[in-house]
Number of protein chains: 6
Amino acid sequence: MNELIGRVFNFEKTLFPASSELFGKLTTHGQSPKALMISCADSRIVPEQIMQAEPGDLFVCRNAGNIVPPYATLNGGVTSTVEYAVMALGVRDIIVCGHSDCGAMKALSDPTGLEAMPNVAAWLKHGAAAENIVSACHSDLQGKDRVRAITLENIIAQISHLRTHPAVAAGIARGEITLHGWMVDIHAGQVLGLNGDTGEFVPLREDRDLPVALAARSRFATEYAEAAE
Amino acid sequence: MNELIGRVFNFEKTLFPASSELFGKLTTHGQSPKALMISCADSRIVPEQIMQAEPGDLFVCRNAGNIVPPYATLNGGVTSTVEYAVMALGVRDIIVCGHSDCGAMKALSDPTGLEAMPNVAAWLKHGAAAENIVSACHSDLQGKDRVRAITLENIIAQISHLRTHPAVAAGIARGEITLHGWMVDIHAGQVLGLNGDTGEFVPLREDRDLPVALAARSRFATEYAEAAE
Amino acid sequence: MNELIGRVFNFEKTLFPASSELFGKLTTHGQSPKALMISCADSRIVPEQIMQAEPGDLFVCRNAGNIVPPYATLNGGVTSTVEYAVMALGVRDIIVCGHSDCGAMKALSDPTGLEAMPNVAAWLKHGAAAENIVSACHSDLQGKDRVRAITLENIIAQISHLRTHPAVAAGIARGEITLHGWMVDIHAGQVLGLNGDTGEFVPLREDRDLPVALAARSRFATEYAEAAE
Amino acid sequence: MNELIGRVFNFEKTLFPASSELFGKLTTHGQSPKALMISCADSRIVPEQIMQAEPGDLFVCRNAGNIVPPYATLNGGVTSTVEYAVMALGVRDIIVCGHSDCGAMKALSDPTGLEAMPNVAAWLKHGAAAENIVSACHSDLQGKDRVRAITLENIIAQISHLRTHPAVAAGIARGEITLHGWMVDIHAGQVLGLNGDTGEFVPLREDRDLPVALAARSRFATEYAEAAE
Amino acid sequence: MNELIGRVFNFEKTLFPASSELFGKLTTHGQSPKALMISCADSRIVPEQIMQAEPGDLFVCRNAGNIVPPYATLNGGVTSTVEYAVMALGVRDIIVCGHSDCGAMKALSDPTGLEAMPNVAAWLKHGAAAENIVSACHSDLQGKDRVRAITLENIIAQISHLRTHPAVAAGIARGEITLHGWMVDIHAGQVLGLNGDTGEFVPLREDRDLPVALAARSRFATEYAEAAE
Amino acid sequence: MNELIGRVFNFEKTLFPASSELFGKLTTHGQSPKALMISCADSRIVPEQIMQAEPGDLFVCRNAGNIVPPYATLNGGVTSTVEYAVMALGVRDIIVCGHSDCGAMKALSDPTGLEAMPNVAAWLKHGAAAENIVSACHSDLQGKDRVRAITLENIIAQISHLRTHPAVAAGIARGEITLHGWMVDIHAGQVLGLNGDTGEFVPLREDRDLPVALAARSRFATEYAEAAE
Ligand SMILES: [Zn+2]
Ligand SMILES: [Zn+2]
Ligand SMILES: [Zn+2]
Ligand SMILES: [Zn+2]
Ligand SMILES: [Zn+2]
Ligand SMILES: [Zn+2]
């Protein structure tokens, strides 16, 4: 038997008893997570570890490449999870979290070998903007530098997709939802955050303002009024 | 600022240094997770906690309702993540992990309020078999009992869907991939496992054999031969 | 004029009068077929002939490759025909019937020439699991042996797809619907049936039990109850 | 055991031996059917019986409502079967065959009860033109008369859909493919054929010309030449 | 700044005042266009110029290749625009308008270079029938002659697609809607019109009857009646 | 005959001769439009009139509601037209142009009556973000004020969708493409332009800078470099 699978036996004996008070509260009151994190399925990136989150803190959607398809008629798991997080749970922060050495980003950079994985190839089309931008603007980038650039642009692209989701767009316009774009660099031991105004990724540091990808922004009715002049 | 979001500042200062050796190894050698876990986005269910997994152990796909759409032309995030896990990473165990008090399962049981969440409603159609079975066979079940029954049948339904994915079907036929269906009960502090032969969910206990939903099963060429008689 | 087309002229003169009593009854009482047969469009395989069925006996869905797509949001003719057979007509047996020398299976085995038939190529993706299994497990099989293996695995794959249809899954769970997988060998003059427990195809013989692909299986409410231990 | 299912046991003992010469020829030479028939899954309508066809004569596609979706990017079973019949087998006649007392047509006429069959409801949208025409032009028609009108218009609509399939359109333009629209009336014991020029359905009689829905019609290159004037 | 964009500044100062009476009337009474024109996005083909139409005259749908997808479950912009024109505005004439030297038709004729434009390639599949017909019937046509033939056949194909839209089919059957197929030749300074009966395109001349692609044709209830004979 | 349709007879006699030099040049050299305009099919809004454009100036995509679906696997006419404009023609300005008194925007504001137009209803889901924002932020707005607000937000939403198209995103990142959001008010005789930085719509006036929705913005390779600190 797979040794990893066997560790589940300890849940009942050890793990659950140690957190029984917390689980009791979460069972009685239900969940009320503060944030939705969309990250990669990569085994090395554990959202709860990066955020030092406890059970109940973080609503988590994970898939190969931390992708959010643009809103469309044809629904899927990510769209539904975003809708549920915003409409049913009222989360106020949504984080798109990419990472270094990502297999999906390497495949976007160099699709060799994807013929055997037609669904991965199709899914990665949601990252085509990132690849197109890097190829168009910086055709000189190679290898790791190219993968890193695509990884960063992919986070920007998924933030753009997230803005097309009506529930998210309305939340931003109500001044309630903030979008974040992060990149976890497990080689450098850093988390970078996207500053949506400048388009740059900067290290997240306690002594600086947290950069945000897109800040909540209330609309005023006067903006819709017929121009007086 | 959302207090939870602020905890990320500690990644660089505290968390990464504490695991720098592990992350170094995972950066150098890449990931080689042993299992793929498909679980709910619910904030109370942290796959790595239930499995006591470390970074690098578990490839994780999470969405509202731990759903795996049946294989089809139209590709999405779950299908791609399964394909990548099997084809690119060679995982040998796939776990569909449901849980008690699941918001998605409650919505399957009673869709009141889903009109405002059309994508969630559409996504949950992938769990229609579970609801249909419980309604058809046990129309007397109510409230929590009905939700629990739907939760268990939903795990069985998603295992059925998983079998339609060619990469998974081929892995099983090669004798390499085993499917698991688990239900984490955070009220009772238990993890139940599906015994695919009997259709029953039984507690996972170290002193008993691990029940499996679908065991790997090699095919023999003789099975295809023209019947001699 | 096509000589075959011309034979229809006899319907009014000869054929209808000969069966007028049966057609009269079927017009008055409507149809109540006992089984749904999903078979290939191949001109050599006439379901009613194989079953010695009369008008009114057999609800029949035919397409290239006797394929049943997995259940999904996007509806098509096979899914609708299955749903109608189960929900409106209450059929209790569903037969997926493949056959020897099948053009669709040959195309799955060797797609040369499919470029000119893009829709056939796309449709046959619903048989990809069959091809993947045979290629993965028995890469040594060639020619007719490979086609035969794919034909058998395709029947198994379509049975897997059928299980994902909610109406079918509920019918099985109510103990009312049985699934059958047959292969008509027009060279050997044999019909083989899938034994779902062993995965083997065996000749159908009057003096033996009829093998079934998936037997009806009632669920008991106690199976959903919280484990007492 | 379902008595009907049991009749298959006779295939090997009785049926196959009686036709072994024909099956032998069909195995050796493969199939070369002259026509493609698209008819309803209804158990009372057996295409081979209506045409007095033998194994090898008729390529048959059957689904609820004898529907042919218009050609589109998203492929399905009917589209593929049509493509295979035309491109791989070279059939020269395509028959869309509706029938009296059709459950699908009744559901088009009065959708009460379709809520429980969402896929049938979606599939029948391919017959919406028929229902729209009858409702728009003859809102006074009721009951059986309305169903009959919809049944006839549905055949016309499916012929329209068939024309959008590139392989069919090219076959017609090459002067090789003829389209037929038939309605089998099992109450009156009649087969009606659509005269595409007049839009009327007339009884098929040996002593009259066979009415055709759309005759093959060769294009002349001169038709494309720049108008000389 | 793009000089063309700058011309918009004159709308307020010059253009609007000159037509203020017309715009006033169109604001007060809303639009009631007589015809829907589906033409190419090509900058050289201005529908209002060809028709000498004023604001309010012509409802216009434009896309690359003047394409109308066949009616299907999956909705898009052209289908919606047709539906709105017929159902909400009651247009009585629908014109599919192609043109000489069309980039989309050249790409249908010779897809070289389309790899970089996957969406254009997919969209042009709705013109596949045109290309198939010309290749099948007149494989000798080359260059401009081949493009011209495809352009004409594409107009015929889009008219075929238009007929599959239920609202259009019902309008024709009510005797209210007429379909037109035109080809604007900006080299010869001619507009050709499709005569649906003969399949030929002829110059539109004031002193001749306007050729129509498909004339409105009322259905009579007697056509549906059971054949008396 | 529809009087409007009859005006086409003048094309050959009057209109073409008057512009024969321009058409001659456009035939010889092909088109090279400077801008792509995406506007409504509404008969009162003639893009070439608003821009005082001549044949050859403006590549035009028109549909009900001036909608641009977000980029997705499933391709349609708008996506293809955008792709062709950017990739094949190299346009540098893309204008999304809404207008006052728009029937599509009224239907977004109040969907009463849309049941009869299911495709329009589905298409307008691409404007759901606009409706959601106005309903969420300004539930007090009624009638014309609500329609106006939705019209403005719809332009913003379509600009968001446009950003998800890879060819557009790459063009912006190369510093070559600028996005514009305009609203033509045919009652006030004004064209308003979206200032993407402030989110406000302001009158376009020759003596002021042209507001842009999203300016071209080159990326620098240094932005991708690992943070030096
Ligand atoms: Zn990754
Ligand atoms: Zn859950
Ligand atoms: Zn076959
Ligand atoms: Zn029928
Ligand atoms: Zn064109
Ligand atoms: Zn409009």
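A, B, ... follow the sequence lines: proteins, then strands. Residue 1 opens every chain.
C:Arg44 and C:Asp42 are joined by a salt bridge, as a carboxylate oxygen and a charged side-chain nitrogen come within less than 4.0 angstrom of each other.
For the pairing with B:Asp101, the side chain to side chain donor-acceptor pair (under 3.5 Å) check across B:His187, B:Lys106, B:Arg148 returns one residue only, B:Lys106.
Only the backbone of C:Thr198 comes within contact range of chain B, with at least one heavy atom under 4.5 Å from a heavy atom of that chain. Within the 4.5 angstrom heavy-atom criterion, no atom of C:Ala130 approaches chain B. The parts of B:Ala136 that come within reach of chain C are both its backbone and its side chain, each placing non-hydrogen atoms under 4.5 angstrom from that chain. Neither the backbone nor the side chain of C:Ala157 comes within contact range of chain B; no heavy atom of the residue lies under 4.5 Å from a heavy atom of that chain.
With 3.5 Å as the limit, one finds no donor-acceptor pair spanning the side chains of B:Thr79 and B:Glu83.
In this pair, C:Tyr84 and C:Phe59 present their aromatic rings parallel. The plane angle is below 30°, not in the 30 to 60° band.
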